[in-house]
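We count ligands from 1, going down the list as the structure has it; atoms in each ligand are counted the same way.
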Amino acid sequence: MIDISKDELPQHIAIIMDGNGRWAKKRGLTRSVGHRAGMEKIREITQLCSDFGVKILTIYAFSCQNWKRPRREVNFLMSGFKRYLDKEKDDLNKKGTRFRVIGRRRRLSSSLQNKIEEVMSLTKDNKDFFLNLAIDYGGQEEIIDAAKALIKEVVRGNLAVEEIDIDLFKQYLYLKDLPSPDLLIRTGGEYRVSNFLLWHIAYTELWMTPVFWPDFGKKEFLMALKDYAKRERRFGKIREE
Ligand code: IPE
Ligand code: IPE
Ligand code: MG
């Protein structure tokens with residue numbers, strides 16, 4: 001194991017899994033092969049999180065903006081999600097994982113939507129580990145959807161504008177019952193957040209690596225954990241002497 005105490009461990013890790021396409025290109029393979037390898041990684045990293053005592057993992061799998069990719073690639077990714085769910089659902093449930101998809105979802109095919117419903121309802125009472133997969137997810141879109149829902153409540157007379165504060169706003173977001181990510185990992189060498197969890201990462205520690213997602217493994221995972229353990233999270237305060 002590693003010499004990181006429990007209070008130095010992130011409780012919630014978010015991952016922007018990027019670099020599948022470049023990983024494949026480097027090997028003279030098609031982008032689809034990269035995406036297949038990327039989907040396989042999810043299982044490995046979920047297991048690593050749970051082995052090391054991280055309780056919550058939120059993975060960015062497909063953004064609202066990714067619909068702009070070629071149709072063939074989008075279709076491949078969508079069937080990959082379905083395959084992943086079919087393959088993993090029983091194991092996730094056996095391991096006490098509560099699985100959720102965050103995102104708008106209504107643009108997904110009805111068969112994928114049904115599959116997601118099935119796995120979410122199968123695992124809804126589990127509490128040992130929380131795995132969230134962001135599909136058709138956008139941080140700006142999430143905030144807009146929350147604002148619309150709040151405005152509707154105000155218009156209906158159920159809510160006064162003055163009552164809206166950070167805690168109340170959070171209740172209209174996807175992960176309302178979970179703490180915000182402590183650590184955000186991005187693979188693939190870009191230094192941006194690409195519309196991921198914009199609300200939730202207000203005070204999240206960031207860790208970026210040039211390693212492409214299909215090559216991300218225990219070594220990089222431990223590097224991220226060790227780096228996180230050294231960070232001083234101040235949340236606007238000053239260090240207490
Ligand atoms: C990340 O890999 C997976 C998704 C966005 C679905 P990319 O497909 O973005 O890979 P690169 O960035 O082109 O290498
Ligand atoms: C971010 O990766 C989205 C996911 C990992 C699902 P992108 O490859 O879409 O991000 P950009 O376009 O490089 O910002
Ligand atoms: Mg990319």
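Side chains of Ser111 and Asn114: a donor-acceptor N/O pair is absent below 3.5 angstrom, by distance only.
For atom 4 (C) of ligand 2, the nearest protein heavy atom (residue, atom name, distance) is Tyr60 CD2, 3.7 Å. The nearest protein atom to atom 6 (C) of ligand 1, hydrogens excluded, is given as Ala61 O, 3.2 Å; this is a heavy-atom distance. The protein heavy atom nearest to atom 10 (O) of ligand 1 is Gly21 N, 3.0 Å.
In this structure, atom 14 (O) of ligand 2 is in close contact with the protein, since a protein heavy atom lies within 4.0 Å of it.
Classification of the Phe169-Trp199 ring pair by plane angle, with boundaries at 30° and 60°, yields parallel. Aromatic ring orientation, Phe99 versus Tyr84: tilted (interplanar angle from 30° to 60°).
Ligand 1 has no nitrogen or oxygen under 3.5 angstrom from a nitrogen or oxygen of Asn66. Not one N or O of Trp23 is nearer than 3.5 Å to an N or O of ligand 1, by distance alone. Considering backbone and side-chain N/O atoms, Phe62 never comes within less than 3.5 Å of an N/O atom of ligand 1. Taking only nitrogen or oxygen atoms, main chain and side chain alike, Ser63 does not reach within less than 3.5 Å of ligand 2.
Under a 4.0 angstrom heavy-atom cut-off, His35 registers as being in contact with ligand 1. Distances shorter than 4.0 angstrom do not occur between any heavy atom of Lys68 and any atom of ligand 2. Judged by the shortest distance from any of its heavy atoms, Gly19 lies inside the 4.0 Å radius around the atoms of ligand 1. Within the structure, the closest approach of Glu190 to ligand 1 does not fall below 4.0 Å when heavy atoms are considered.
Contact of the Leu225 side chain with the Pro10 side chain is registered, since non-hydrogen atoms from C-beta on lie closer than 4.5 Å. Contact of the Ile45 side chain with the Ile59 side chain is not registered, since no non-hydrogen atoms from C-beta on lie closer than 4.5 Å.
Remark: side-chain polar atoms of His35 are not paired, donor with acceptor, to backbone N or O of Leu77 under 3.5 angstrom. In this structure, Glu205 contributes its side chain and Arg233 its backbone to no donor-acceptor pair below 3.5 Å. The backbone N or O of Arg98 lies less than 3.5 Å from no partner atom in the side chain of Lys124, so there is not a single donor-acceptor pair.
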*Please report the C-alpha distance between Asn66 and Glu73 in whole Å, then the side-chain angles of each, then the deciding distance to 0.1 Å, and finally whether the side-chain hydrogen bond (donor to acceptor under 3.5 Å, both in side chains) criterion is met.*
CA-CA 10 Å; Asn66 288 147; Glu73 179 166 345; over 6 Å; no
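Neither the backbone nor the side chain of Arg22 has any atom closer than 4.0 Å to an atom of ligand 2 (non-hydrogen atoms only).
Metal site remark for the Mg ion (ligand 3): Asp18 contributes an N, O or S atom at a distance under 2.8 Å.
If you number the atoms of ligand 2 from 1 as listed, the ones under 4.0 Å from a heavy atom of Met17 come out as 5 (C). Atoms of ligand 2 lying under 4.0 Å from at least one heavy atom of Arg192, given by number and element, are 11 (P), 13 (O), 14 (O). Here is the list of ligand 2 atoms found below 4.0 Å of a heavy atom in Arg69: 7 (P), 8 (O), 9 (O).
Hydrophobic clustering (ILVMFWY, side-chain heavy atoms < 4.5 Å, transitive): Tyr60 and Leu178 are in one cluster.
Sorted by first then second residue, the side-chain hydrogen bond (donor to acceptor under 3.5 Å, both in side chains) pairs that include residues 210-220, not counting sequence neighbours, are Trp23-Asp215.
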